[in-house]
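Worksheet for the structure shown next.
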Amino acid sequence: QVQLVESGGGLVQPGGSLRLSCAASGIIFRIVAMGWYRQAPGKQRELVATVTSGGSTNYADSVKGRFTISRDNAKNTVYLQMLSLKPEDTAVYYCNVPGSAWWGQGTQVTVSS
């Protein structure tokens with residue numbers, strides 16, 4: 001049974017930072033790509049960043065230079081370091097194995113003063 005459990009969200013002021021974590025189980029983590037997605041109220045879920053099994057990364061234009069995705073295969077965990085947060089980054093953030101139906105429960109990120 002595949003489980004993805006996100007954590008690390010919260011309320012932060014504009015310009016602040018957060019680090020999200022996603023712990024995976026039930027999959028051979030080291031051989032799969034992982035991704036972070038987000039969904040803001042009234043909007044469709046969108047891709048934020050992905051990291052391949054080899055460590056190659058890809059980012060949405062809106063977060064390039066501010067967000068960093070990384071993975072620790074020893075801990076079966078993928079991270080999303082978010083810097084210089086903006087109100088428009090407010091959303092529920094989910095991790096996913098790209099192309100699969102496996103999603104976590106999400107973690108809320110709210111950027112507000």
Side-chain angles (χ1 to χ4, degrees):
Q1 181 180 355
V2 177
Q3 283 193 315
L4 302 172
V5 180
E6 301 97 337
S7 61
L11 173 63
V12 63
Q13 292 186 339
S17 62
L18 283 173
R19 189 176 82 152
L20 306 183
S21 300
C22 172
S25 61
I27 57 174
I28 305 175
F29 183 81
R30 69 182 185 279
I31 67 171
V32 299
M34 295 294 298
W36 283 98
Y37 297 73
R38 65 187 181 186
Q39 187 166 20
K43 294 188 177 181
Q44 288 190 329
R45 192 172 296 185
E46 64 175 357
L47 175 67
V48 175
T50 59
V51 58
T52 68
S53 58
S56 297
T57 58
N58 185 56
Y59 297 92
D61 288 344
S62 59
V63 306
K64 280 181 182 176
R66 300 189 298 122
F67 291 11
T68 302
I69 188 171
S70 62
R71 63 191 298 158
D72 185 337
N73 290 340
K75 295 183 179 180
N76 284 8
T77 300
V78 61
Y79 302 98
L80 186 68
Q81 179 69 55
M82 305 185 293
L83 304 176
S84 302
L85 283 161
K86 305 175 181 180
E88 51 264 44
D89 295 317
T90 295
V92 179
Y93 285 71
Y94 301 88
C95 69
N96 170 257
V97 177
S100 81
W102 301 323
W103 294 90
Q105 83 289 348
T107 186
Q108 176 71 48
V109 172
T110 302
V111 184
S112 175
S113 55

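Only a predicted model underlies this, so the values are computations on that prediction, with no experimental measurement involved.
Put simply, OG1 on T110 and CG on D89 are 11.0 Å apart, with the number rounded to the nearest 0.5 Å. Atoms OG1 and CE, from T52 and M34 in turn, are 12.5 Å apart once rounded to the nearest 0.5 Å. With values rounded to the nearest 0.5 angstrom, I28 atom CD1 is found 12.0 Å from N73 atom CG. To the nearest 0.5 Å, the span separating CD on Q39 from CD on E46 amounts to 9.5 Å. With rounding to the nearest 0.5 angstrom, the CZ atom of F67 is 10.5 Å from the OG atom of S17. The distance from the CZ atom of R38 to the CD atom of Q108 is 12.0 Å, given to the nearest 0.5 Å.
Nearest heavy-atom pair across G104 and Y94 is O-CD2, 3.6 Å. Of all the heavy atoms in C22 and L4, the pair that sits closest is SG-CB, 4.0 Å. Nearest approach of V78 to S70, heavy atoms of both residues: CG2-O, 3.1 Å. Here the closest heavy-atom approach between residue A33 and residue P98 is recorded as O-CD, 3.3 Å.
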Review point. Run the side chain to side chain contact (heavy atoms under 4.5 Å, CB included) check on Y59 and R66 step by step: do they pass?
Key: CA-CA 10 Å; Y59 297 92; R66 300 189 298 122; over 6 Å; no
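With hydrogens and angles disregarded, no donor-acceptor distance shorter than 3.5 Å links the side chain of E6 to the backbone of L20. In this structure, Q105 contributes its side chain and V5 its backbone to no donor-acceptor pair below 3.5 Å. A donor-acceptor distance shorter than 3.5 angstrom exists from the side chain of N96 to the backbone of W102, with no hydrogens or angles considered.
For the side chain to side chain contact (heavy atoms under 4.5 Å, CB included) with I69, the lone residue among L80, N58, V48 that qualifies is L80.
Judged as a side-chain hydrogen bond (donor to acceptor under 3.5 Å, both in side chains), and not counting sequence neighbours, the contacts of K64 are D61.
V63 and M82 fall within the same hydrophobic cluster, where Ile, Leu, Val, Met, Phe, Trp and Tyr residues are linked whenever their side-chain heavy atoms come under 4.5 Å apart, directly or through other members. Hydrophobic clustering keeps Y79 apart from V97 (ILVMFWY residues linked when any side-chain heavy atoms are closer than 4.5 Å, directly or through intermediates). The hydrophobic cluster containing V92 does not contain L18, counting ILVMFWY residues as joined when their side-chain heavy atoms lie under 4.5 angstrom apart, directly or transitively.
Looking only at side-chain heavy atoms (C-beta outward), P14 and V111 come within less than 4.5 Å of each other. Looking only at side-chain heavy atoms (C-beta outward), S112 and L11 come within less than 4.5 Å of each other.
Between W103 and Y37, the ring center distance clears the sub-6.0 Å criterion.
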